[in-house]
Amino acid sequence: MAESPITARGKDFAAWYQDVVLSGDMAEPAEIVKGCMVIRANGYAVWEVLQRELDQRFKDTGHQNFYFPLLIPQSFLQKEAEHVEGFSPELAVVTIAGGKELEEPYVIRPTSETIIGHFFAKWIQSWRDLPMLTNQWANVIRWELRTRMFLRTTEFLWQEGHTAHSTHEEAIEEVLRMLDVYADVAENVMAMPVIKGVKTKSEKFAGALRSYCIESMMQNGLALQAGTSHDLGQNFGKAFDVKFQSKEGQLEYVWQTSWGVSTRLIGGLIMSHSDDRGLVLPPKLAPNKAVLVPIYRKEEERAPVLEAASKIAKDVGAKLDDREGQSPGAKFYHWERRGVPIVLEFGPRDLASGNIILKRRHTGLKEMLTQAGIAEAIPAALEQMQTDLYTAAKQRLWENTVLADSIEEVEDILSGVTAEKGGGKFVMAHVKDDAICDARMKQFKATIRCIPLVDEYDGPGKCIVTGDVVPQRVVIAKAY
RNA sequence: CGGGGCGUGGCUCAGCCUGGUAGAGCGCCUGGUUCGGGACCAGGAGGUCCAGAGUUCAAAUCUCUGCGCCCCGACCA
């Protein structure tokens, strides 16, 4: 046994997740730095693919990348009352630098609304400067009490888009446009079905008027917020005096948005598709889409097999695993744990017959193909796999979504659900957007995940907590 | 911050109760035989036993203090 076995999902989902992350060469705990992780080669390669997909879409929608400082004057955070209240418990603060106590401490950015607000104020004067459409790829630090690799770590990587507009309508359009971008990447690249919705007032971003989100369901039935997009209104505009002169000559505060996704997406990806044999990556995100493992018994078979294998690998764009001293079996396990969608086996028998074996990661099935047909078979198999993964995840979401019409019913459905044991559901119920209702859900450790943008159920009904009539059902679940 | 666990070659851990100067498996290096789902043989390298203090002729082991990490709950992308 080359590496430790993977805990079965059914036995302990949280342990399974850790095992998959570690054995898939995705990340490991930073060990000497509390709550942080090292993103390893395979994990970072996946992040790079995600970055590429997202960044292209940001550019396509008119955004430009910037980079703002990691350190933010502490007083900046305090300029927006709700914002400071929301973030102060999570801040890391630099008080000494260059051997001297600082007159004003810096916080390490937990998010950049404030410092960007400062620069927007400097850059924006006229309606002609709007909209200002920026994005930055960065790391942030939020001091967390409870960390899990990718899902919540003290430091994480993300992108944060920040925009300023002349009207609220235009800002709202932007917020929804970027939410759609996130949903598109989640569903069509990551094969993760999502529900687009609005956060309740108590769950929204500190400082926003409204927060929109995409919520997805993990294999244990827990919800994961995969992305957020905020309508900041004029809150930060007022706090940082970001004003512009309108066409009519009036001085007005800008309307801002911010939106972000993080390396948490990778955690969601893992918990959506992987299995008891390790990581499963959707083809569109896989750094290596296919790997060819050559097989030879005798020394005289080595050269001809390797020569032919190398040619096939080159023709079909597969990585050739020609490492010496590792048996083919060890190589199969190696790539399986790392989520490679397709593994090709090629040995002396195939050399003689003109065939080749193709194995699909997600089904575990092997099939024999002709070498001539392999160049076409691979793209087809990858496409099929992408579809299969999405369909399976969508199916799971449907099967684990239930309706409830009383608070007791909701509590009953979600009682005993944990990250380890699983059994989670999305419970659709009528609940009012009121702090009392959010608090009631917390009593059994669930949250209102969102109010879906599209009501797929029965319209208005009575709130199961307050009895007031509300427009539609909301998603209630236990979450990461 | 509460509860639990842990800290010993690169990794997983045994040894600790009952002190006597450090071991196993895996990995690594060299050579050979292997190779269609985790190969085998032989030889070899590698350790301030988390840190500090104490007890003792003698501490990985006993006592105290500190540090760190992981897991489970309360805050959160």
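Protein chains get the first letters and strands the later ones, always in sequence-line order, with residue 1 at the start of each. Only a predicted model underlies this, so the values are computations on that prediction, with no experimental measurement involved.
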Applying a 4.0 Å non-hydrogen cut-off, can you work out what [X] is touching in the nucleic acid: base, sugar-phosphate, or nothing?
X: A/P110; answer: nothing
X: A/E90; answer: sugar-phosphate
X: A/F205; answer: nothing
X: A/T153; answer: base
X: A/R302; answer: nothing
X: A/E345; answer: base

On a whole-Å scale, what distance lies between the [atom1] atoms belonging to [N] and [M]?
N: B/A39; M: B/C11; atom1: P; answer: 23 Å
N: B/A24; M: B/A45; atom1: P; answer: 13 Å
N: B/C40; M: B/G4; atom1: C1'; answer: 43 Å
N: B/G54; M: B/A22; atom1: C1'; answer: 23 Å
N: B/A42; M: B/C50; atom1: C1'; answer: 37 Å
N: B/C13; M: B/C29; atom1: C1'; answer: 23 Å
N: B/C6; M: B/C62; atom1: P; answer: 13 Å
N: B/G52; M: B/C67; atom1: C1'; answer: 10 Å

### Message
Strictly by Watson-Crick or wobble contacts shorter than 3.5 Å, is anything paired with B/A42, and which nucleotide is it?
### Response
B/U30
### Query
Phosphate oxygens OP1/OP2 of B/C70: is one of them under 4.0 Å from a side-chain N or O of A/Q18?
no
### Query
Can you tell me if the side-chain N/O atoms of A/R297 get under 4.0 Å from OP1 or OP2 in B/G36?
no
Nearest heavy atoms of [X] and [Y], plus distance in Å:
X: A/M218; Y: A/R396; answer: O-NE, 4.3 Å
X: A/A183; Y: A/K196; answer: CB-CD, 4.0 Å
X: A/P348; Y: A/I295; answer: CD-O, 3.1 Å

### Query
Is it true that A/F236 and A/H83 have ring centroids separated by less than 6.0 Å?
yes
For [X] and [N], give me the distance from atom [atom1] to atom [atom2], rounded to whole Å.
X: A/K478; N: B/C75; atom1: NZ; atom2: C1'; result: 17 Å
X: A/Y333; N: B/G27; atom1: OH; atom2: C1'; result: 19 Å
X: A/E420; N: B/C72; atom1: CD; atom2: P; result: 5 Å
X: A/Q326; N: B/U34; atom1: CD; atom2: P; result: 19 Å
X: A/D19; N: B/U12; atom1: CG; atom2: P; result: 12 Å
X: A/H83; N: B/A77; atom1: NE2; atom2: P; result: 12 Å
X: A/K442; N: B/C75; atom1: NZ; atom2: P; result: 5 Å
X: A/E367; N: B/G36; atom1: CD; atom2: C1'; result: 17 Å

### Task
Over 60° means perpendicular and under 30° means parallel, so classify the ring planes of A/H118 and A/F76, tilted if in between.
tilted
### Query
Would you call the rings of A/F119 and A/F68 parallel, tilted or perpendicular, where under 30° means parallel and over 60° means perpendicular?
tilted
### Message
On the side chain of A/S262, is there an atom forming a donor-acceptor pair with the base of B/A77 - under 3.5 Å, no angle test?
### Response
yes
### Query
Stacking here means centres under 5.5 Å and planes under 30°; does A/W158 stack on B/A77?
no
### Task
Please determine if A/D275 and A/R277 form a salt bridge, counting it only when a charged side-chain N lies under 4.0 Å from a carboxylate O.
no
